[in-house]
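Along the sequence shown, residues are numbered consecutively beginning with 1. These figures come from a predicted structure and were not determined experimentally.
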Amino acid sequence: MALTPPTPSTSRRELTMAGLHIPEHVHESSAPHGGTVLLDARNGQWYAMNGTARALWSEWRLNGDFEAGVRTVAARFPPALGERVRADAGQLADVLVRRGLVTTATPHSERRPTEAPRTARADRRASSVTARHDRAAAAVGLLVALCLLRLPFGVTVRAVRAFKSRCPRPATAVEAAQALALVRRVARLHPGRVACLELSLAATVRLALAGLDVEWCLGSADDPYRFHAWIEASGHPVVLPSDGDLTDFRKVFTV
């Protein structure tokens, strides 16, 4: 299996007796080659599973029955490999339970005002003030993002949702691209790591502070597995000319 098991804490017998349930904080994306990636939204941790692990995961998600899932998947292999599949399934289930990706108990039901004409000098002065304000807002967005990413991922997600809940309207693609470009420009002055996760979150926060809403997206691509974060406006990815192509990436989690 793709997930390396720690010392088992739940026996296969216990798993058989208790139904398996996939919590709401677990998000998945299946790859064309047969693998699956999982995202734990509580901490931002990614996990990759091979084809057999994916098959077991799919069966358990469908019926919540450990033994039924093992029997279904084992039937796809030669009889001589049946016990190997069963042993691997027990190890996989132990790892999933230990890491909180599976539980063994059923949870409870769970536009700008028109301005009067101004002189050219006043226009230039206002433009300069606006540019300084935009750079400062981008810097604040980056600072907030860097602080949020030091917190547990679940706390970060709740904070982003709180920011977004105060936005009266969605950002346009142009507004989102402008915010992302400003954040990237400000980030060049930061001595530490600023990559896609930090930039996308900073742009999300900067726009939210202006009352504009975008989606913060996390996704994955295959062969090899890659992970990326970006923003979307009106359902469309916001990328700058210097950004790579996102067509290989599938959204796994959005805020």
Side-chain angles (χ1 to χ4, degrees), residues 1-12 14-15 18-66 68-70 72-74 76-77 84-107 110 148-158 160 193 195-198 200-201 215-230 246 248-255:
M1 299 300 165
L3 292 175
T4 303
T7 303
S9 63
T10 305
S11 70
R12 205 166 68 204
E14 290 171 331
L15 289 170
L20 298 180
H21 172 78
I22 299 174
E24 293 183 356
H25 61 258
V26 179
H27 300 259
E28 67 176 289
S29 176
S30 297
H33 58 64
T36 288
V37 293
L38 305 178
L39 171 65
D40 188 337
R42 301 170 305 174
N43 54 26
Q45 182 67 52
W46 293 91
Y47 301 91
M49 298 193 297
N50 60 24
T52 304
R54 174 190 181 181
L56 288 164
W57 169 269
S58 298
E59 290 297 325
W60 293 336
R61 178 185 57 192
L62 181 64
N63 55 42
D65 189 315
F66 175 84
V70 172
T72 299
V73 175
R76 305 173 189 174
F77 293 84
R84 173 62 186 274
V85 172
R86 180 172 293 277
D88 286 350
Q91 291 181 338
L92 175 64
D94 286 339
V95 175
L96 293 172
V97 171
R98 172 67 67 88
R99 299 185 180 179
L101 303 176
V102 162
T103 63
T104 57
T106 303
E110 327 168 308
L148 287 176
L149 291 173
R150 288 179 174 271
L151 301 174
F153 189 72
V155 177
T156 301
V157 169
R158 289 195 293 273
V160 174
R193 177 188 184 278
C196 62
L197 186 64
E198 292 81 4
S200 58
L201 179 55
E215 281 195 331
W216 184 40
C217 307
L218 282 71
S220 67
D222 313 307
D223 294 330
Y225 282 120
R226 289 157 288 152
F227 307 105
H228 190 45
W230 66 94
L246 295 182
D248 291 337
F249 288 89
R250 302 180 306 279
K251 280 191 293 186
V252 177
F253 184 68
T254 62
V255 182

Just how far is it from atom [atom1] of [X] to atom [atom2] of [Y], taken to the nearest 0.5 Å?
X: Asn50; Y: Thr36; atom1: CG; atom2: OG1; result: 9.5 Å
X: Leu101; Y: Ile22; atom1: CG; atom2: CD1; result: 9.5 Å
X: His228; Y: Asp248; atom1: NE2; atom2: CG; result: 11.0 Å
X: Trp230; Y: Leu201; atom1: CH2; atom2: CG; result: 14.5 Å
X: Arg54; Y: Arg61; atom1: CZ; atom2: CZ; result: 8.5 Å
X: Arg99; Y: Leu38; atom1: CZ; atom2: CG; result: 11.0 Å

Would you say the side chain of [Y] lies within less than 4.5 Å of the side chain of [X], judging by non-hydrogen atoms?
X: Met49; Y: Glu28; value: no
X: Phe227; Y: Leu197; value: no
X: Thr52; Y: Phe77; value: yes
X: Leu218; Y: Trp46; value: yes
X: Phe253; Y: Asp40; value: no
X: Trp60; Y: Val102; value: no

More than 12 heavy atoms of other residues, nucleotides or ligands under 6.0 Å from CZ of Arg84: is that the case?
-> no
Above 12 or not: heavy atoms from other molecules or residues under 6.0 Å from CZ of Arg76?
-> yes
For the pair [X] (side chain) and [Y] (backbone), establish whether a donor and an acceptor sit closer than 3.5 Å, ignoring hydrogens and angles.
X: Thr156; Y: Leu148; result: yes
X: Gln91; Y: Asp88; result: no
X: His25; Y: Gly100; result: yes

Compare every heavy atom of [Y] with every heavy atom of [X], then report the nearest pair and how far apart it is.
X: Cys217; Y: Thr254; answer: SG-CG2, 3.8 Å
X: Asn63; Y: Ala68; answer: ND2-CB, 4.3 Å
X: Phe66; Y: Ala93; answer: CE1-CB, 3.7 Å
X: Glu198; Y: Ala195; answer: OE1-N, 2.9 Å
X: Ala48; Y: Tyr225; answer: CB-CE1, 3.7 Å
X: Val252; Y: Ser29; answer: CG2-CB, 3.4 Å

